[in-house]
Amino acid sequence: MAGELILIVEDNEKNLKLARDILQFKGYRTLEAGTAEGGIELAGEHLPSLILMDIQLPGMDGVTALGRLKAEPSTAAIPVVALTAFAMKDDRERFLGAGFDGYLVKPIDVRAFPEQIRQYLDGGGEGTAR
Ligand code: MN
């Protein structure tokens, strides 16, 4: 079922727009934040079905934000997928070890992105999807 609410936390306007445009084109509703602090606030307020979290953000980073979201009972169950330019093997282990539900490498693969999102929404997107 389409129409789920997806929160994108990304400080790069171009990356944010690309992800948002694809998701909206596919029928999802989106929320956007340019900072981890803003994303945490929106997540608590709207309880989205999925959160895409950039790692490098001004102020609080994405890993710290993940910890906050998982420590808060109302948002703990929301899957959080790291959205990151880091593409080294060790980074993958690091992000999954930190508790992210998945990992997407930037720039996102425009063709594969909708199916990757679908898998995470359906709970089957464990690990790296690219
Ligand atoms: Mn960033």
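Remember, predicted model here, so these are calculated numbers, not experimental data. Side chains are part of it too, since the values below use all heavy atoms of this structure and drop only hydrogens, waters and symmetry mates. Both counts, for ligands and for their atoms, begin at 1 and track the order of listing.
Counting all heavy atoms, side chain and backbone alike, Val9 lies closest to Thr35 at CG1-O, 3.5 Å.
A donor and an acceptor atom, one from each side chain of Arg20 and Tyr28, are nowhere located under 3.5 Å apart.
Ion pairing of Glu4 with Arg118 is present here, as a side-chain N (NZ or NE/NH1/NH2) and a carboxylate O approach within less than 4.0 Å.
The residue from Val81, Leu104, Val80 that alone fulfils the side chain to side chain contact (heavy atoms under 4.5 Å, CB included) condition with Met53 is Val80.
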Open item on the list: I'd like to know whether Lys26 forms a salt bridge (charged side-chain N to carboxylate O under 4.0 Å, His left out) with Asp21, so could you lay out the CA-CA distance, the side-chain angles of the two residues, the decisive distance to 0.1 Å, and finally the verdict.
Closed with: CA-CA 9 Å; Lys26 290 292 173 181; Asp21 289 351; over 6 Å; no

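Other residues, nucleotides and ligands contribute only 12 or fewer heavy atoms inside 6.0 Å of the CD atom of Glu41.
Note on the Mn ion (ligand 1): protein N, O or S atoms under 2.8 Å away count 3, no waters included.
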